[in-house]
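Okay, structure first, notes after.
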Protein chains: 2
Amino acid sequence: MENISSIKPTESELEILHILWQLGKATVRQVNDELSKNREVGYTTTLKLMQIMHDKHIVSRTEEGRYHLYQAEIGEEQTQQLLLGKFVDATFRGSAMRLVMQALGNQEVSLDELEEIKKLIAEKEKNLGN
Amino acid sequence: MENISSIKPTESELEILHILWQLGKATVRQVNDELSKNREVGYTTTLKLMQIMHDKHIVSRTEEGRYHLYQAEIGEEQTQQLLLGKFVDATFRGSAMRLVMQALGNQEVSLDELEEIKKLIAEKEKNLGN
DNA sequence: GAATATCTACGAAAATATTCGTAATAAAAT
DNA sequence: ATTTTATTACGAATATTTTCGTAGATATTC
């Protein structure tokens with residue numbers, strides 16, 4: 001990926017990216033099998049999507065004999081970060097704070113997870129305190 | 001809105017909703033003026049979008065003389081909550097925790113805001129502690 | 001009161017995203 | 001070696017979202 005901040009995978013592409021992030025390298029068949037666990041989807045549909053993603057350089061591929069092995073070209077965290085920024089802008093008018101408040105208030109978060117978040121806040125406060 | 005969990009405003013619709021949430025009631029002209037502050041957009045484009053939103057029952061309208069006065073039919077927090085849930089699923093595979101960590105780690109959040117978040121966490125821990 | 005401006009309604013074009021059918025090719029099985 | 005199976009390439013149909021042109025109605029201005 002050259003143009004790093006212009007990433008905008010569609011929802012379907014994101015589904016495929018998640019599978020590739022999990023599997024590392026995968027054939028269209030493997031990805032399609034994974035997708036099929038959740039919903040009906042034709043093999044050529046998945047193939048086409050992955051070809052488009054290849055055109056867009058968000059996945060790379062190598063030929064292994066007769067197959068193509070696909071691999072994500074953009075990192076999971078990096079992508080989440082970018083999508084998060086856009087989502088915050090679109091839905092929370094740029095206020096990450098409000099997003100966090102809503103997420104903590106209403107989404108499922110466990111006690112252990114809250115502890116981790118507290119640690120992160122403590123560190124962040126230390127840095128901001130400078 | 002009858003079918004509350006099937007809300008899925010598009011990005012353009014969300015932009016308009018933000019304006020309506022802010023203004024309360026507004027004419028197409030007012031909304032279009034607001035939109036135009038950010039980007040080029042034709043009046044009839046905005047009109048059409050708002051008509052579609054009316055068809056979908058995500059806004060209501062009353063006739064005031066020659067104008068129509070539009071008003072959001074879905075609440076801001078409620079909508080954000082729904083979109084947040086979908087976003088967490090699509091982008092963070094359902095882990096609100098990871099979203100919060102990333103948001104705190106990389107988005108802009110001030111010291112004061114961190115304090116507020118800490119308060120929220122404290123309360124939530126009290127409840128979860130039961 | 002004629003011209004101008006400002007609305008709404010509506011259809012359809014344009015842009016984007018998703019789905020799939022068909023053909024070509026290569027491998028595997030019989 | 002012929003048939004069956006699995007793969008890629010490609011075009012096109014379908015669906016969704018966004019944009020806008022045109023027409024008709026009603027007010028406003030000169």
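Throughout, protein chains are lettered first and strands after them, A, B, ... in sequence-line order, and every chain is numbered starting at 1.
Between B/Asp33 atom CG and C/dT6 atom P the separation is 11 Å, expressed in whole Å. Between the CG atom of B/Leu69 and the C1' atom of C/dC7 there is a distance of 13 Å, rounded to whole Å. As a whole-Å value, the separation of A/His68 NE2 from C/dA26 P is 12 Å. Between B/Arg29 atom CZ and C/dC7 atom C1' the separation is 8 Å, expressed in whole Å. The OH atom of B/Tyr67 sits 13 Å away from the C1' atom of C/dT8 (whole-angstrom rounding).
For B/Glu113, there are no salt bridge (charged side-chain N to carboxylate O under 4.0 Å, His left out) partners, not counting sequence neighbours. Take A/His18 and apply the ring-ring contact (aromatic ring centres under 6.0 Å, His included) test, not counting sequence neighbours, and it matches A/Trp21. With sequence neighbours excluded, the residues forming a side-chain hydrogen bond (donor to acceptor under 3.5 Å, both in side chains) with A/Thr46 are A/Asn32, listed by chain and number. Not a single side-chain hydrogen bond (donor to acceptor under 3.5 Å, both in side chains) links A/Asp89 to another residue, sequence neighbours left out. When the salt bridge (charged side-chain N to carboxylate O under 4.0 Å, His left out) test is applied to B/Lys37, the partners found at least two apart in sequence or on another chain are B/Glu34. Partners of B/Glu123 under the salt bridge (charged side-chain N to carboxylate O under 4.0 Å, His left out) rule, at least two apart in sequence or in another chain, do not exist in this structure. In this structure B/Glu11 satisfies the side-chain hydrogen bond (donor to acceptor under 3.5 Å, both in side chains) test together with A/Lys8, sequence neighbours excluded. For A/Glu116, there are no salt bridge (charged side-chain N to carboxylate O under 4.0 Å, His left out) partners, not counting sequence neighbours. Judged as a side-chain hydrogen bond (donor to acceptor under 3.5 Å, both in side chains), and not counting sequence neighbours, B/Gln51 has no contacts.
Two residues are said to be in side-chain contact when any heavy atoms from C-beta on lie closer than 4.5 Å; B/Leu111 and A/Glu125 meet this criterion.
Both B/Thr46 and A/Leu47 lie close to DNA chain D; mapped to their nearest nucleotides by heavy-atom distance, the more 5′-ward contact belongs to A/Leu47.
Where DNA chain D meets chain B (any atom under 4.0 Å from a heavy atom), the bounding nucleotides read 5' to 3' are D/dT17 to D/dA27.
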Close N or O pairs between protein and nucleotides 3-5 of chain C (under 3.5 Å):
none

Dump every N/O contact between nucleotides 17-19 of chain C and the protein below 3.5 Å, one line per pair.
{"from": "C/dT18", "atom 1": "OP1", "to": "A/Ser12", "atom 2": "OG", "distance (Å)": "3.1"}
{"from": "C/dT18", "atom 1": "OP2", "to": "A/Thr10", "atom 2": "OG1", "distance (Å)": "2.6"}

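Look at B/Arg98 and A/Glu76 and you find a salt bridge, because one of the NZ, NE, NH1 or NH2 atoms lies within 4.0 Å of a carboxylate O, short of that distance.
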